[in-house]
Protein chains: 2
Amino acid sequence: MMTSSKEAILAAARQSAQAHGYGGLNFRDLADEVGIKAASIYHHFPSKADLGVAVARRYWEDTKEDLYNLAQADDPLSALRQYPGIFRRSLESANKLCLCSFMSAEYDDLPEPVKKEVQTFADVNVAWLSEVLTAAGVVSRNKSEERARAIFAAVAGAQLMARSRSDISLFDTLIESYRATGLLPA
Amino acid sequence: MMTSSKEAILAAARQSAQAHGYGGLNFRDLADEVGIKAASIYHHFPSKADLGVAVARRYWEDTKEDLYNLAQADDPLSALRQYPGIFRRSLESANKLCLCSFMSAEYDDLPEPVKKEVQTFADVNVAWLSEVLTAAGVVSRNKSEERARAIFAAVAGAQLMARSRSDISLFDTLIESYRATGLLPA
DNA sequence: ACCTGAACACCGTTCAAGT
DNA sequence: ACCTGAACACCGTTCAAGT
């Protein structure tokens with residue numbers, strides 16, 4: 001299976017951005033990883049902003065597919081209960097953060113088109129949660145989006161806190177607390 | 001009222017770190033703001049790591065005092081209801097993030113002593129919440145710390161999401177949702 | 001199309017010198 | 001004590017030029 005330089009750059013950039021953010025993303029290390037020179041990256045992505053857009057877009061596209069598969073494979077309530085697992089997997093993978101959480105922190109220094117992709121990531125999550133919450137009968141349709149936002153923000157916060165202690169079990173405990181208090185369905 | 005250079009550096013560094021993170025903090029811009037030269041900062045802080053430690057420590061010290069005052073001025077339940085206001089004020093101030101949320105994202109690239117201060121910030125918040133939750137009779141003592149962590153993580157997540165849309169009203173809505181679901185007392 | 005050398009801008013840091 | 005100009009080594013970013 002042949003992997004193009006462009007795809008290899010995209011994959012490496014995603015890993016780096018989840019660990020070091022958009023600001024911490026650097027072309028020399030990225031190039032080393034891919035096996036080309038830093039300047040060569042500019043042939044595939046005209047600027048760092050373009051790379052940032054491509055990485056963030058691919059990120060929400062992949063997440064959207066994961067969420068779709070989750071909803072296909074299971075009933076709404078089961079799918080909902082597995083949702084935090086997506087954020088857990090980032091922590092399992094070298095204590096990495098959701099790309100869009102990191103970029104939300106970096107909001108002030110993000111090129112405008114990158115900001116848009118970050119917001120789309122949130123939109124994709126909220127739309128999916130909203131749909132599944134309604135289908136599972138957890139909330140009425142007119143309250144589902146508000147609840148979806150609350151869940152998304154809280155799960156992202158749990159991931160951030162767990163990362164700051166390199167402690168996945170803390171993430172699990174937080175999610176359990178969200179269930180115990182009623183933010184997430186038990 | 002005379003402000004020493006050291007205090008001025010500390011204040012400016014805090015503002016910058018809340019907007020751009022530890023990585024985005026740079027001595028030349030900082031010096032400009034204070035009205036001295038970059039090299040002069042080293043007279044007060046021997047290295048960037050030392051400045052980072054000082055900023056983070058001062059940050060949790062100030063927060064600890066704010067929390068103490070909050071608990072002094074009001075009954076436990078009122079104090080608890082005002083807790084999210086601390087995070088709201090950062091957003092009001094040029095859409096800034098909690099310093100320690102930003103540094104949690106940057107965890108991989110933080111000097112070890114800075115990581116410690118970031119964790120202390122979380123500890124201070126959790127200890128205060130735990131105390132107030134118990135005093136307000138919201139939870140039993142043996143469950144208060146778990147609940148305190150959940151609230152801290154969720155409120156930090158709400159601030160992060162609101163920042164990514166530059167929308168304080170989103171923060172307010174999220175907090176209201178936490179109240180409606182029972183994570184926070186109504 | 002795909003890649004690179006070399007330059008540019010900027011960073012944290014140091015240090016001898018100035019007040 | 002407190003500050004600075006100038007320099008250092010390094011690194012991210014860019015572009016004109018190579019194949």
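Below, all heavy atoms of this structure are taken into account, side chains as well, without hydrogens, waters or symmetry copies.
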With a 4.5 Å limit on heavy-atom distance, are the side chains of Ile41(A) and Val34(A) in contact?
-> no
Output yes when at least one side-chain N/O atom of Asn26(B) is less than 4.0 Å from OP1 or OP2 of dC11(C), else no.
-> yes
Residue-level proximity of residues 109-118 of chain A to DNA chain D when a heavy atom falls under 4.0 Å = none
Would you mind pulling out the nucleotide paired to dC10(C), Watson-Crick or G-U wobble, both distances under 3.5 Å?
-> none
Among Arg88(A), Arg89(A), Lys96(A), salt bridge (Lys or Arg N to Asp or Glu O under 4.0 Å) partner for Glu92(A) = Arg88(A)
Ion pair present between Glu61(A) and Lys64(A), side-chain N to carboxylate O less than 4.0 angstrom?
-> no
Pair Arg14(A) + Asp62(A), salt bridge at N-O below 4.0 Å = yes
N-O pairing of Lys115(A) and Glu112(A) below 4.0 Å | yes
Rounded interatomic separation in angstrom, taking NZ from Lys37(A) and P from dG5(C) | 6 Å
Return the value, rounded to whole Å, for the distance between atom CZ of Phe45(B) and atom C1' of dC3(D).
-> 15 Å
Using 4.0 Å as the upper bound for N to carboxylate O, is an ion pair formed by Arg141(B) and Glu131(B)?
-> yes
Near Arg57(A) CZ, under 6.0 Å, is it more than 12 heavy atoms from other residues, nucleotides or ligands?
-> no
Tell which nucleotide pairs with dG5(D), taking only Watson-Crick or G-U wobble pairs whose two distances are both under 3.5 angstrom.
-> dC15(C)
Using a 4.0 Å heavy-atom cut-off across all strands, classify Leu25(B) as base, sugar-phosphate, or nothing.
-> sugar-phosphate
Pairs flagged by ring-ring contact (aromatic ring centres under 6.0 Å, His included) wherever residues 70-99 of chain A is involved - sequence neighbours left out | Tyr83(A)-Phe87(A), Tyr83(A)-Trp128(A)
To the nearest Å, give me how far apart CZ (Arg28(A)) and P (dC10(D)) are.
-> 12 Å
His43(A) has an atom NE2; how far is it from atom P of dT4(C), in whole Å?
-> 12 Å
When the distance from CG of Leu30(A) to P of dG12(D) is rounded to whole Å, what number comes out?
-> 10 Å
Considering all heavy atoms, the nearest Arg165(A)-Ala122(B) contact | NH1-CB, 3.7 Å
Within less than 4.0 Å of OP1 or OP2 of dC3(C), is there a side-chain N or O belonging to His44(A)?
-> yes
Where do N or O atoms of nucleotides 14-19 of chain D meet protein N or O atoms at under 3.5 Å, pair by pair?
residue : atom : partner  : partner atom : Å
dT14(D) : OP2  : Tyr42(A) : OH           : 3.0

To the nearest Å, give me how far apart CD1 (Ile36(B)) and P (dT4(D)) are.
-> 6 Å
